[in-house]
Amino acid sequence: MESLKGKIVLIAGATGGVGSQVAKQVSASGAVVFLTGQNMAKLEEVASQAGIPQSRCFQMDITNESSVNHTIQQILVQTPVINILINAAGIGVIKTMDVLTSAEFERTLQVNLMGAFYLVKAVLPNMKEQKKGLIINIPGVLGKVPMAGAAAYSASKYGLVGMMQSIREELKRTEIRITNIFLGGIDSAFWDNIDLRVQRDKMIVAEEAAKAIWFLCQQPASGVVSEMVLQPFNHQAI
């Protein structure tokens, strides 16, 4: 396993349940961590809890390409490289087609798919210069096995998986690794505004999900974990 000590790690969506836990665990392992999110106050709170200087917190709108590019440029002023990108940003809309609006569908694609595109496109040139790096995305289990009411969410996550698989093919002659972790049933704020009966007490806690991502950040130099699936015992979709 590779050590995280001294590695430059960028976490997008760092104020979420999983993202904030990843920040704490990766920082505790000695990584130099940069955080992005929409809410600066929450970012600074996460940074304080994780022992990360507030100078490494950046307010960023992942749906705005200019905002993403500007943020990455600001980060590269502080560090010459980005070793690991963890994209923990995302939204969930679980609605059947009779009530799902076009605006909700478009917004889901904009955050979960276009946002990931902007982010990877902004970070990739730096990794290509190094010919080394690691990109971790979180498609969620609904990016592998859809369910009723998840047309918008699954469309965005299936698109994310296809996009990253294609980019992986482009990078075969480099040591840039791409990992997709399919998380299912995480007890987080994802479910707060979703009108669906779920047993959150039987879901995976965010801290445990973050440990899986922490583990993936330390992949051995001689190999790559292309995919990982983590889901609750009581609902194994895969």
> Do you see a donor-acceptor pair shorter than 3.5 Å between the side chains of N126 and Q130?
Replying inline: yes
>> Assess whether a salt bridge exists between K24 and E207, defined as any Lys/Arg side-chain N lying under 4.0 Å from an Asp/Glu carboxylate O.
In response: no
> If you take all heavy atoms of V18 and A206, which pair is closest and at what distance?
Replying inline: N-CB, 4.2 Å
> Using 4.0 Å as the upper bound for N to carboxylate O, is an ion pair formed by E2 and R177?
Replying inline: yes
>> Would you compute the distance between atom CD1 of I178 and atom CD1 of I167 and round it to the nearest 0.5 angstrom?
In response: 5.5 Å
> Which residue pairs satisfy the salt bridge (charged side-chain N to carboxylate O under 4.0 Å, His left out) criterion with at least one member in residues 57-68, sequence neighbours excluded?
Replying inline: none
> Which heavy-atom pair separates I62 from A116 by the least distance, and what is that distance?
Replying inline: CD1-N, 4.5 Å
> Hey, is K42 close enough to E45 for a salt bridge, meaning N to O under 4.0 Å?
Replying inline: no
> With no hydrogens and no angle check, do the side chains of N137 and N87 hold a donor and an acceptor under 3.5 Å apart?
Replying inline: yes
>> My understanding is that only residues two or more places apart in sequence, or in another chain, count here; which of them pass side chain to side chain donor-acceptor pair (under 3.5 Å) with S27?
In response: none
> Among side-chain atoms of E104 and T101, is any donor-acceptor pair under 3.5 angstrom?
Replying inline: yes
>> Keeping S20 on the side-chain end and T15 on the backbone end, is there a donor-acceptor pair under 3.5 Å?
In response: no
>> With salt bridge (charged side-chain N to carboxylate O under 4.0 Å, His left out) as the rule and sequence neighbours excluded, what pairs involving residues 147-171 come up?
In response: E169-K172
> P139 and L160: which non-hydrogen atoms are nearest, and at how many Å?
Replying inline: CA-CD2, 4.2 Å
>> With a 4.5 Å cut-off on side-chain heavy atoms, are E227 and F182 touching?
In response: yes
>> What's the separation between atom CG in L119 and atom CE in M60, rounded to the nearest 0.5 Å?
In response: 5.0 Å
> How far apart are the closest heavy atoms of T79 and V81, and which atoms are they?
Replying inline: OG1-O, 2.9 Å
> Any idea which heavy atoms bring Q78 and S55 closest together, and the distance?
Replying inline: NE2-O, 2.9 Å
> Any donor and acceptor pair, going by atom type alone, linking the side chain of Q218 with main-chain N or O of M1 inside 3.5 Å?
Replying inline: no
>> If we ignore hydrogens and angles and just use 3.5 Å, is the side chain of Q219 paired with the main-chain N or O of L216 as donor and acceptor?
In response: yes
